[in-house]
Amino acid sequence: MKVAVVQFYPKFKDIEYNFSFIHKQSKSIEADLICFPELSTSGYFFWEKDELAPFAFDFNSRIIKEIQEISTSQNKIILFGFPERSGGNFYNSCAILFPDAKLSTLYRKTHLFYRERFVFTPGDTGFFVIHYEPMNLNLGTMICYDWRFPEAARSLGLLGADIIACPSNLVTKIWHLAIPARAIENKVFFLVANRIGKETNHGEELVFNGKSGIWHYYGSLIATANDNDETTLIAEIDPTETRDKSIDKYNNIFKDRRPEMYSKITEIT
Ligand code: ACM
């Protein structure tokens, strides 16, 4: 299957511009799966809930419906980050839209980064994997700072993910060191759709560093972007190659696990 990672510069608080960019790219990119960055519809650096509120929407909104229509009519899986409104809460969420809309759902970011704690509620969906039979694909999702927690990728690996898609707004440069390890440890393909550009709020500037990538399950980069261009990475991959977790005739990275040895450390006090 063909996977695509879109790196772009979302305009802060310009929902119509960002939506029309996502819409246009979703239509024109020829791939089976397209992944956009975290908070693609709104930009990132909100200071507090009241500031975010006008840009948050729920999963039944027009924006989700219009991208779902493209997913269904063009037979593409489409993921994009957006600020979700649900009841009185806001979540940093990712829409995961399948051509078969019954499977479409969202993931709510588990680990909140920096000032997100003043804006969003920590995600309650947990990590999950969706099997999409027409593409023979097991898809797992995490968002940005979730990468810092090996448990996130491990959960998705153990749940059977072939691909981990990770919409991101990354501001450090160290994640390129960790992602290949997460890919190797779990024998999964890894897609990081990062954004570029800068945002300033209350005199503080955040710089988003691009370098989006598609990683092979043995840790090598199949495709990568630079730190300042809007670009789309495309790769042809076979998700089923990840399913045999044997690495030689004796070792299997999942069957060799010894969780009874790991459980002694449960809490940091
Ligand atoms: C991040 O979680 N946006 C770094």
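Whatever order the structure lists them in is the order used to number ligands and atoms, beginning at 1. Bear in mind the structure is a predicted one, so any value in this text is a computation, not a measurement.
Panel note: side chain Lys11, backbone Tyr17; no donor-acceptor pair is recorded below 3.5 Å.
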Run the numbers on Lys76 and Asp32 for salt bridge (Lys or Arg N to Asp or Glu O under 4.0 Å), then give the verdict. CA-CA 5 Å; Lys76 296 167 173 170; Asp32 303 297; over 6 Å; no
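When heavy-atom distances to ligand 1 are checked against a 4.0 Å cut-off, Tyr145 comes that close through both its backbone and its side chain.
Within the structure, ligand 1 lacks Tyr114 among the residues with a heavy atom less than 4.0 angstrom away. Using a 4.0 Å heavy-atom cutoff, Val171 is absent from the residues neighbouring ligand 1.
Near Glu38, meaning under 4.0 Å from one of its heavy atoms, ligand 1 places the atoms 1 (C), 3 (N). In the vicinity of Tyr44, heavy-atom distances shorter than 4.0 Å reach the ligand 1 atoms 3 (N). Listed by atom number, the atoms of ligand 1 under 4.0 Å from Phe113 heavy atoms are 1 (C), 2 (O), 4 (C). Atoms of ligand 1 found under 4.0 Å from any heavy atom of Glu116, numbered from 1 in the order shown, are 1 (C), 2 (O), 3 (N). Remark: ligand 1 atoms within the under-4.0 Å shell around heavy atoms of Asn169 are 1 (C), 3 (N), 4 (C).
Neither Leu106 nor Ile130 shares a network with the other; the hydrophobic side chains, linked directly or stepwise wherever heavy atoms of I, L, V, M, F, W or Y lie under 4.5 Å apart, form separate groups for each.
Ionic pairing of Arg108 and Glu84 is present here: one or more N-O contacts between side-chain nitrogen and carboxylate oxygen are shorter than 4.0 angstrom. Under the 4.0 Å criterion applied to side-chain N and carboxylate O atoms, Asp227 and Lys211 are assigned as salt-bridge partners. Salt-bridge formation is detected for the pair Glu185/Arg182: a Lys NZ or Arg NE/NH1/NH2 atom is positioned less than 4.0 Å from an Asp or Glu carboxylate oxygen.
In terms of protein heavy-atom proximity, atom 2 (O) of ligand 1 is closest to Lys109 NZ, 2.7 Å. What sits closest to atom 1 (C) of ligand 1 on the protein, heavy atoms only, is Cys144 SG, 2.8 Å.
By the neighbour-count criterion of 12 heavy atoms within 6.0 Å, atom CD of Glu205 is densely surrounded, having more than that number from other residues, nucleotides or ligands.
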